[in-house]
Student: 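Mind having a look at this structure? Questions to follow.
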There are 2 protein chains.
Amino acid sequence: MARAPRQADIAAVAGVSQTTVSLVLSGNTEGTRLSEPTRQRVLAAAEQLGYVPDPVATRLASARNHLLGVYTFASAFPIELDDFYYPILAGIEAEATALGQDLVLFTGTGGLDARTDAKTAIRRTRVADGCVFFGRHVPEEPIDWLLHGDFPLVYVGRRDELGGRIPFVGVDYVAASAAVVERLLELGHREIRYLRSVEDALSSTDREKGVLAAIRRARLPVRRVVVRAQSADVDAALLTKWRDEGVTAVVVEETDLGVLSRAALAAAEEAGLRLPEDLSLAVLGQPKGRPDVSGFEVPRRELGRRAVRLLVDQITGARRTDQQLLDCPQVPGATIGAV
Amino acid sequence: MARAPRQADIAAVAGVSQTTVSLVLSGNTEGTRLSEPTRQRVLAAAEQLGYVPDPVATRLASARNHLLGVYTFASAFPIELDDFYYPILAGIEAEATALGQDLVLFTGTGGLDARTDAKTAIRRTRVADGCVFFGRHVPEEPIDWLLHGDFPLVYVGRRDELGGRIPFVGVDYVAASAAVVERLLELGHREIRYLRSVEDALSSTDREKGVLAAIRRARLPVRRVVVRAQSADVDAALLTKWRDEGVTAVVVEETDLGVLSRAALAAAEEAGLRLPEDLSLAVLGQPKGRPDVSGFEVPRRELGRRAVRLLVDQITGARRTDQQLLDCPQVPGATIGAV
DNA sequence: CTGAAAGCGCTTACAG
DNA sequence: CTGAAAGCGCTTACAG
């Protein structure tokens with residue numbers, strides 16, 4: 001057995017045409033019924049020869065190849081194991097396995113020159129039946145190109161680029177953030193500060209939107225709530241000053257690296273502020289390894305699973321485009337309390 | 001642009017044949033020289049149309065598709081991040097990126113029935129130009145089938161199945177283990193016990209081989225050195241008993257889950273034995289998060305890189321088969337000392 | 001220096 | 001119920 005057997009070989013053994021072999025093996029019973037004896041003979045021959053369909057030919061002939069692309073714009077196996085994206089990838093793999101799909105990790109952008117790099121790399125995703133995309137920025141041109149070619153794709157994270165035509169599975173940061181602030185309001189807090197990063201990613205603006213919406217619904221002034229800051233600006237002095245101004249609760253954005261919440265937590269400790277006795281502190285997300293901090297959980301693993309499910313739905317034609325937002329379970333924590 | 005442009009479209013625009021387009025774009029200058037004007041026209045047309053070669057067609061037409069398979073026999077993104085295989089995967093990805101290759105993760109074996117499972121799944125690896133394999137056991141039939149079809153593959157870890165025809169990049173456990181024992185001998189130890197797992201994986205027998213070789217070279221009796229044990233058998237009583245018998249050094253196999261070394265370390269502590277004052281303890285490998293333990297480091301990331309490099313060498317024809325063993329840096333540690 | 005033709009292994013109308 | 005034929009988008013001898 002020097003060469004892998006193909007349908008033609010089976011056809012020869014079974015004494016039928018290659019077309020019939022294809023029909024039998026693909027289980028394509030539409031409008032055609034193969035006689036049971038024929039089926040059996042083909043199946044037997046296939047088994048005997050150890051036939052396995054060539055996925056490449058299958059794909060070229062316009063069928064599916066059960067390959068799902070994953071485009072991360074970065075390493076999928078970063079050196080820091082606790083990487084932000086890891087659980088999402090784990091979810092993607094789990095769901096892919098469950099659905100019988102293999103994964104193509106597009107990382108091979110090494111050989112190309114910088115200019116055509118992203119463009120060509122992204123276009124290469126077409127080897128797969130569809131592709132899951134990651135990353136903060138959307139390279140609009142190539143993504144638009146894929147969309148125009150009716151190539152199934154879904155982004156992980158909410159996207160509003162390209163006129164809102166990008167399918168995605170995202171996180172409902174607006175609702176989750178509002179819920180955190182509402183818990184604070186119920187506990188009697190009236191003077192709240194929201195510490196956010198200076199960057200304007202959607203995940204940042206969505207959180208802010210949620211925070212402000214909750215404040216407004218409580219008919220509280222919105223004016224001085226939002227404070228943009230770098231982690232270096234967040235120190236004991238800042239928290240102490242706020243305390244003196246009557247602030248009773250601080251809400252902190254959880255960025256992908258978690259630098260802001262870490263700085264805030266450290267600052268509180270440095271300032272000798274006990275949480276929640278002296279100050280209530282909540283995080284919009286969950287700092288690594290700190291389940292004691294009040295906030296919410298980003299369902300990252302589920303994000304991955306849902307992205308794959310949506311992608312496969314697109315591929316199988318169940319739906320051509322869709323945008324989904326996932327709820328975040330609130331984390332009670334022990335760093336917020338009544339005023 | 002509803003459909004992706006193909007070579008035929010470029011040919012039409014440039015006023016040449018599709019063959020010429022293929023020749024120009026593939027840079028295939030063997031035996032053929034295209035006139036510079038023609039080249040330029042083709043290149044311009046390709047750029048203008050935003051042409052990207054269809055990797056599937058390329059592959060079917062018997063060229064390479066720059067896809068490298070990775071077959072793990074398990075989850076590539078396990079829930080426990082500190083998983084044994086993770087650094088290897090990281091190395092694989094890093095090297096693949098460096099060499100401009102994408103990765104296909106074969107995890108989609110879910111939909112198939114148990115019997116044909118592994119067989120079919122492994123054969124599917126043929127979508128890629130070649131494949132890196134992992135795992136303790138070699139499923140001989142399908143691997144043999146791939147080998148016969150001249151499919152480039154390399155195992156991570158030494159393999160002696162199939163008549164030693166399996167290409168691999170492994171670890172020189174024999175040498176690394178012997179070196180550990182030699183350090184002990186130099187420190188004056190004469191009564192040594194080697195604690196190994198009950199399973200006979202190559203990585204286990206290789207370590208044992210190294211241990212015994214070192215002992216023999218020192219012309220010491222080999223008789224009672226090797227002790228097969230489950231982690232449950234390794235307790236304070238055992239170590240105390242050995243101490244009473246005059247044992248001054250214990251060497252422990254580091255299994256993939258690290259249960260044996262963990263048990264030994266715990267037993268020593270429970271027995272109140274100070275390391276290395278009361279007992280020297282070395283591990284053949286490195287327990288997670290314990291750089292203080294004497295032993296050696298398994299260059300896992302490098303293992304991944306080298307596997308990919310060997311695979312690509314095979315694919316490009318640089319070498320059709322090869323077997324490599326990597327050296328392990330010794331870890332001095334602080335758990336062994338002079339008698 | 002360039003093109004017509006066959007072929008990679010499959011699927012999918014379309015005939016019989 | 002089954003087969004001949006075209007086609008998926010490329011590469012690769014082989015002619016001119």
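Note: hydrogens, waters and symmetry copies are ignored here, and every other heavy atom, side chains too, is used. Letters A, B, ... mirror the listed sequences (proteins, then strands); counts begin at 1. Nothing here was measured: the structure is a model prediction, and the numbers come from that model.
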Student: Measure CG/B/L49 against P/D/dG9 and give the value in whole Å, please.
Tutor: 14 Å

Student: From A/L162 CG over to A/D144 CG, what is the distance, rounded to the nearest 0.5 angstrom?
Tutor: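 It is 5.0 Å, given to the nearest 0.5 Å.
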
Student: For the side chain of B/S22, counting heavy atoms from C-beta on, which of C/dC10, D/dT12, D/dT2 is nearest?
Tutor: D/dT12

Student: Which of residues 12-19 of chain B have a heavy atom under 4.0 Å from DNA chain D?
Tutor: B/Q18, B/T19

Student: In whole angstrom, what separates B/L25's CG from D/dT11's C1'?
Tutor: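 After rounding, the gap between these two atoms is 12 Å.
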
Student: Distance check needed: C/dT11 P versus A/I10 CD1, whole Å only.
Tutor: 11 Å

Student: What integer distance in Å separates B/R39:CZ from C/dT2:C1'?
Tutor: 15 Å

Student: Looking at residues at least two apart in the chain, or sitting in another chain, which of them share a side chain to side chain donor-acceptor pair (under 3.5 Å) with B/T38?
Tutor: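 In terms of side chain to side chain donor-acceptor pair (under 3.5 Å), with neighbours along the sequence ignored, B/T38 is linked to B/S35.
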
Student: D/dG3, OP1 or OP2 - any side-chain N/O from A/T20 closer than 4.0 Å?
Tutor: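 For D/dG3, OP1/OP2 do have a side-chain N/O of A/T20 under 4.0 Å.
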
Student: In this structure, how many angstroms lie between the P atom of C/dA15 and the CG atom of A/L23, rounded?
Tutor: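 So the CG-P distance, A/L23 to C/dA15, works out to 17 Å.
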
Student: If the condition is ring pair (Phe, Tyr, Trp, His ring centres under 6.0 Å), which residues does B/F134 pass it with, not counting sequence neighbours?
Tutor: B/Y85

Student: Between atom CG in B/L60 and atom C1' in C/dG9, what is the gap in whole Å?
Tutor: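 Those two atoms, CG and C1', are 6 Å apart.
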
Student: Taking only residues two or more places apart in sequence, or in another chain, which ones meet A/A12 in a side-chain contact (heavy atoms from CB on, under 4.5 Å)?
Tutor: none

Student: With sequence neighbours excluded, what pairs up with B/E161 under the side-chain contact (heavy atoms from CB on, under 4.5 Å) test?
Tutor: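 For B/E161, the residues satisfying side-chain contact (heavy atoms from CB on, under 4.5 Å) (neighbours in sequence not counted) are B/V138, B/E140, B/R159, B/I166.
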
Student: For a stem of at least 3 consecutive Watson-Crick or G-U pairs with distances under 3.5 Å, i pairing with j, i+1 with j-1 and so on, which stems involve DNA chain C?
Tutor: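 Stem list for DNA chain C: C:1-3 with D:14-16, C:5-12 with D:5-12, C:14-16 with D:1-3.
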
Student: Starting at CZ of A/R6 and ending at P of C/dG7, how long is that distance when rounded to a whole Å?
Tutor: 11 Å

Student: Considering residues at least two apart in sequence or located in another chain, which fulfil the side chain to side chain donor-acceptor pair (under 3.5 Å) criterion with A/Q40?
Tutor: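 Side chain to side chain donor-acceptor pair (under 3.5 Å) list for A/Q40, sorted by chain: A/E36.
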
Student: For the residue pair B/S22 and B/T19, confirm or rule out a side-chain donor-acceptor distance under 3.5 Å.
Tutor: no

Student: Sequence neighbours left out, what passes side-chain contact (heavy atoms from CB on, under 4.5 Å) with B/L325? Give chain and number order.
Tutor: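 Scan of B/L325 (side-chain contact (heavy atoms from CB on, under 4.5 Å), adjacent residues dropped) gives B/R158, B/F168, B/D172.
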
Student: Which residues pass the side chain to side chain donor-acceptor pair (under 3.5 Å) test with B/R305, not counting sequence neighbours?
Tutor: B/E95

Student: Which nucleotide sits closest to the side chain of A/Y51: D/dT12, C/dC10, D/dG9?
Tutor: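 Out of D/dT12, C/dC10, D/dG9, the nucleotide with an atom closest to A/Y51's side chain is C/dC10.
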
